[in-house]
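Okay, structure first, notes after.
If you're wondering where the values come from, they're calculated on a predicted model, not measured in any experiment.
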Amino acid sequence: MHMSAKGFTVAVAGASGYAGAEVVRLLSGHPAFTMGDLAAHSQAGLPLAHVMPHLVGVAKERTLSEIDVERLASHDDAVVLALPHGASGQIVQELVKMNPDLVIVDAGADFRLLSASDWQRWYGSDHAGTWTYGLPELPRAEGGSQRDMLSGATRIAAPGCNASAVALGLAPLVGLVDISQSTATLIVGTSGAGKSSRPDLTFSRMSGGAHPYSVGNAHRHIPEILQSLRMAGAEKPHLSVSAVLVPMTRGILAVCTAPSQASSDDLLARLREVYGDEPLIHVTNAYPDTHDVVGSAMTHINAVGDPDNGLATIVVALDNLVKGTAGAVIQCLNVAFGLPETTGLPLIGLNP
């Protein structure tokens with residue numbers, strides 16, 4: 001990994017999806033990364049500005065190429081895979097054979113889970129393997145954070161957006177709250193459902209309503225969150241998740257609860273102790289609001305203790321694309337290449 005005069009070159013496979021397009025948007029303004037091949041499946045051959053007119057200012061002349069493993073492997077530095085879950089495994093085997101020095105970041109779920117049986121249960125196919133988990137701020141039980149594992153890593157599994165929101169809220173509070181009885185209600189924007197058109201995502205169905213999905217023990221991010229909580233020192237974490245799709249394009253508001261006798265001051269003090277030096281996490285005295293984080297890579301967290309009822313409530317807001325997926329990819333590439341972690345990431349949200 002040697003930086004040329006133009007910086008590191010990063011190719012993107014799956015550049016026409018929401019996550020891939022957001023990676024391209026962030027790459028376009030990154031001072032140390034140059035966009036390499038931008039590849040897509042069904043949209044291959046079309047001008048990038050036709051498929052994604054919002055990128056015309058930086059990519060007027062670019063055309064989406066076919067996903068060609070040989071061409072991806074010809075890049076010197078990094079490849080980002082923003083493909084449907086289960087699609088990365090085969091491509092990765094060939095990529096690594098052709099160019100073992102490539103840094104590869106997978107924005108999908110294929111390499112996030114340690115447990116092959118968890119993968120088979122929740123995704124229904126063979127497990128492709130386990131890579132370094134790409135949530136730098138996640139506190140680890142032995143001290144430090146997941147960032148320590150990412151420095152110099154060449155195979156990185158970017159986290160799920162909902163998984164990041166819940167793990168960042170609960171992981172620092174292991175010991176202060178009872179993670180064996182935790183719950184999370186996720187209020188999620190529609191871009192989290194991906195770009196494919198579905199009857200339940202039409203304007204007529206989405207507008208003016210709230211739509212529960214994956215209630216109880218059905219959300220695919222549950223094993224990923226439990227894995228993060230175990231990394232943070234929770235011995236027997238259990239989590240019930242209820243997700244609700246609402247008519248906003250971006251954003252996740254995670255409302256997490258767990259038994260606890262801690263006061264609000266205790267909870268906030270712990271969060272500030274763990275996240276005090278984190279540039280992308282803001283522990284706030286107000287309730288987090290998705291309006292304040294959309295468009296930025298910031299995560300806002302607040303916690304409320306209720307000793308009378310023996311319950312702690314932790315509220316987390318983040319942009320599912322900027323912090324949740326694409327921004328996490330850029331953040332991990334920055335760490336892997338030894339750049340300042342926030343390089344190229346927007347720190348200011350869109351308001352209003």
Find out whether [X] and [Y] are in side-chain contact, i.e. whether some heavy atom of one side chain is under 4.5 Å from a heavy atom of the other.
{"X": "R205", "Y": "P199", "answer": "no"}
{"X": "V322", "Y": "R250", "answer": "yes"}
{"X": "P159", "Y": "S164", "answer": "yes"}
{"X": "P346", "Y": "L26", "answer": "yes"}
{"X": "E235", "Y": "R230", "answer": "no"}
{"X": "L245", "Y": "Y213", "answer": "yes"}
{"X": "L83", "Y": "I67", "answer": "yes"}
{"X": "D101", "Y": "N99", "answer": "yes"}

*Under 3.5 Å, is there a donor-acceptor pair between the Q331 and N334 side chains?*
no
*Taking atom types as modelled and ignoring hydrogens, do the side chains of D178 and S180 form a donor-acceptor contact shorter than 3.5 angstrom?*
yes
*Could you give me the CA-CA distance, side-chain angles and deciding distance for L168 and L135, then say whether side-chain contact (heavy atoms from CB on, under 4.5 Å) is met?*
CA-CA 9 Å; L168 290 174; L135 187 56; 4.2 Å; yes
Honestly curious: do [X] and [Y] fall in one hydrophobic cluster under the side-chain, below-4.5 Å linking rule?
{"X": "V105", "Y": "L72", "result": "no"}
{"X": "W122", "Y": "L186", "result": "yes"}
{"X": "F337", "Y": "L102", "result": "no"}
{"X": "L239", "Y": "L253", "result": "no"}
{"X": "V255", "Y": "Y287", "result": "no"}

Could you state the interatomic distance from [atom1] ([X]) to [atom2] ([Y]), rounded to the nearest 0.5 Å?
{"X": "W131", "Y": "D110", "atom1": "CH2", "atom2": "CG", "result": "8.5 Å"}
{"X": "D266", "Y": "S260", "atom1": "CG", "atom2": "OG", "result": "8.0 Å"}
{"X": "H238", "Y": "I222", "atom1": "NE2", "atom2": "CD1", "result": "12.0 Å"}
{"X": "T284", "Y": "H300", "atom1": "OG1", "atom2": "NE2", "result": "7.0 Å"}

List the atom of [X], the atom of [Y], and the distance in Å for their closest heavy-atom pair.
{"X": "A15", "Y": "L64", "value": "CB-CD2, 3.9 Å"}
{"X": "A303", "Y": "L267", "value": "CB-CB, 3.7 Å"}
{"X": "A78", "Y": "L333", "value": "CB-CD2, 3.9 Å"}
{"X": "S16", "Y": "V51", "value": "CB-CG1, 4.0 Å"}
{"X": "M248", "Y": "G251", "value": "CE-O, 3.4 Å"}
{"X": "A262", "Y": "L176", "value": "CB-CD2, 4.2 Å"}

For atom [atom1] of [X], decide whether the heavy atoms of other residues, nucleotides or ligands shown that lie under 6.0 angstrom number more than 12.
{"X": "L347", "atom1": "CG", "value": "yes"}
{"X": "E142", "atom1": "CD", "value": "yes"}
{"X": "D277", "atom1": "CG", "value": "no"}

*Check step by step if side-chain contact (heavy atoms from CB on, under 4.5 Å) holds for S65 and R71.*
CA-CA 10 Å; S65 58; R71 195 163 58 243; 2.9 Å; yes
*Ignoring hydrogens and geometry, is there a side-chain-to-backbone donor-acceptor pair from T183 to S240 under 3.5 Å?*
no
*Give a yes or no answer on whether the side chain of D77 reaches the backbone of T9 with a donor-acceptor pair at less than 3.5 Å.*
yes
*Mind running side-chain contact (heavy atoms from CB on, under 4.5 Å) on I104 and D106 for me, showing each step along the way?*
CA-CA 6 Å; I104 308 173; D106 186 18; 5.6 Å; no
*For residues 34-60, which residue pairs qualify under ring-ring contact (aromatic ring centres under 6.0 Å, His included), counting only residues two or more places apart or in two chains?*
none
*Checking side chain to side chain donor-acceptor pair (under 3.5 Å) against S191, which of N320, T249, T325 comes through?*
N320
*Using the six-membered ring wherever Trp is involved, compare the ring planes of W119 and H127 and label them parallel, tilted or perpendicular (cut-offs 30° and 60°).*
tilted
*Residues I314, L173; criterion side-chain contact (heavy atoms from CB on, under 4.5 Å); working and verdict*: CA-CA 10 Å; I314 303 93; L173 300 176; 3.4 Å; yes
*Cationic N near anionic O, under 4.0 Å, R147 to E278*: yes
_Chi angles and distances behind the salt bridge (Lys or Arg N to Asp or Glu O under 4.0 Å) call for E94, K97_ = CA-CA 5 Å; E94 297 175 48; K97 251 186 237 169; over 6 Å; no
_The criterion is side-chain contact (heavy atoms from CB on, under 4.5 Å); which residues satisfy it with M231, sequence neighbours excluded?_
Y133, L138, R140, Q146, Q227
